[in-house]
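Reviewing the structure listed below.
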Amino acid sequence: MNQMALPLQWPADPRSDAFLLTDSNRMAARMLEQWEAWPTMAAILTGPRKSGRSLLARIFAAKSGGTIIDDAERVPEVQIFHAWNRAQADRLPLLIVADSPPPRWQVKLPDLRSRLANSSLAEIGAPDDELVAGLFEHLFERRGLDARPDLIEWLTLRIERSHLSVIRAVDMLDQGAMERRARLSIPLARSTLIAAGLIAEP
């Protein structure tokens, strides 16, 4: 499986080979693949924003025949409660996508809180170097930008380790290259990202 965290203005790739698998998300993907072994027919998937968690959930639903509830903190708790019960009755898995698991996700409904406590948990972590480099390569390619390997290596060593920071950096470099009508380069990246506050001055 290969997937990228994509900015909102770019459509997500629904294919399973659009999920880039590295150590930062491998355990979460493996747990979803083994859904038939879950103690209950429900699990919680958490991860940083823009980490590809929603796309991973859609891939899971397509492969398992199950259902997903995305942005669960914003969904009425009674709705999640009934979906959890229905998943057990139908023996079809339910994947609940949230920013964080309980108790950090403060669930008020006691019956739902106890059910979530008995659900499996898959967690996507902060991106590692391999994923950061892969995200840069993929996002530049999707925008038709020629980013050489030395630039991607330079960016990977300097950008904050978060999916959102990678996307912001690509946004700024896309804009900077367009405004200057210049190809991407390390000097352009340095000046653009320092001005945007995304990397520190040397």
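Heads up: numbering here begins at 1 and tracks the sequence. Fair warning: this is a prediction, and the values are worked out from it, not measured in the lab.
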Are Thr40 and Asn118 close enough that a side-chain donor and a side-chain acceptor fall under 3.5 Å?
-> no
Shortest non-hydrogen contact from [X] toward [Y]:
{"X": "Ser24", "Y": "Leu131", "value": "OG-CD2, 3.4 Å"}
{"X": "Gly47", "Y": "Ser51", "value": "C-OG, 3.8 Å"}
{"X": "Ser100", "Y": "Glu73", "value": "N-OE2, 3.5 Å"}
{"X": "His163", "Y": "Leu135", "value": "CD2-CD1, 4.0 Å"}
{"X": "Ser119", "Y": "Ala42", "value": "CB-O, 3.6 Å"}
{"X": "Ala182", "Y": "Leu188", "value": "CB-CD1, 4.0 Å"}

Output yes when a side-chain donor or acceptor of [X] lies under 3.5 Å from a complementary backbone atom of [Y], and no otherwise.
{"X": "Gln106", "Y": "Pro102", "result": "no"}
{"X": "Arg53", "Y": "Thr46", "result": "no"}
{"X": "Glu130", "Y": "Asp23", "result": "no"}
{"X": "Glu77", "Y": "Leu109", "result": "yes"}

Side chains of [X] and [Y], heavy atoms from C-beta outward: is any pair under 4.5 Å?
{"X": "Arg58", "Y": "Leu55", "answer": "yes"}
{"X": "Ile124", "Y": "Leu56", "answer": "yes"}
{"X": "Ile159", "Y": "Leu198", "answer": "yes"}
{"X": "Leu145", "Y": "Leu173", "answer": "no"}
{"X": "Ser191", "Y": "Arg180", "answer": "yes"}
{"X": "Phe140", "Y": "Leu155", "answer": "yes"}
{"X": "Asn85", "Y": "Arg115", "answer": "yes"}
{"X": "Arg148", "Y": "Leu184", "answer": "no"}

[X] [atom1] to [Y] [atom2] distance, which is reported to the nearest 0.5 Å:
{"X": "Leu92", "Y": "Ser64", "atom1": "CG", "atom2": "OG", "value": "8.0 Å"}
{"X": "Ile199", "Y": "Leu157", "atom1": "CD1", "atom2": "CG", "value": "11.0 Å"}
{"X": "Glu137", "Y": "Arg142", "atom1": "CD", "atom2": "CZ", "value": "13.5 Å"}
{"X": "Leu121", "Y": "Met27", "atom1": "CG", "atom2": "CE", "value": "11.0 Å"}

Is any side-chain N of the basic residue among [X] and [Y] closer than 4.0 Å to the acidic one's carboxylate O?
{"X": "Asp171", "Y": "Arg168", "answer": "no"}
{"X": "Asp129", "Y": "Arg161", "answer": "yes"}
{"X": "Arg113", "Y": "Asp111", "answer": "no"}
{"X": "Asp128", "Y": "Arg26", "answer": "no"}

Could you walk me through whether Met41 and Trp35 pass side-chain contact (heavy atoms from CB on, under 4.5 Å), step by step?
-> CA-CA 8 Å; Met41 283 291 99; Trp35 64 270; 4.0 Å; yes
Under 4.5 Å between side-chain heavy atoms, counting indirect links through other Ile/Leu/Val/Met/Phe/Trp/Tyr residues: same cluster for [X] and [Y] or not?
{"X": "Trp38", "Y": "Ile96", "answer": "no"}
{"X": "Leu21", "Y": "Ile59", "answer": "yes"}
{"X": "Leu94", "Y": "Ile68", "answer": "no"}
{"X": "Trp105", "Y": "Ile69", "answer": "yes"}
{"X": "Ile44", "Y": "Met31", "answer": "no"}

Within 6.0 Å of CD in Glu141, more than 12 heavy atoms from elsewhere = no
Do other residues, nucleotides or ligands put more than 12 heavy atoms under 6.0 Å from Gln79 CD?
-> yes
Worked verdict on Arg190 versus Trp154 for side-chain contact (heavy atoms from CB on, under 4.5 Å) = CA-CA 9 Å; Arg190 180 185 292 109; Trp154 186 91; 3.8 Å; yes
Show the numbers, then the answer: is there a side-chain contact (heavy atoms from CB on, under 4.5 Å) between Arg74 and Asp71?
-> CA-CA 6 Å; Arg74 297 158 186 81; Asp71 289 326; 4.0 Å; yes
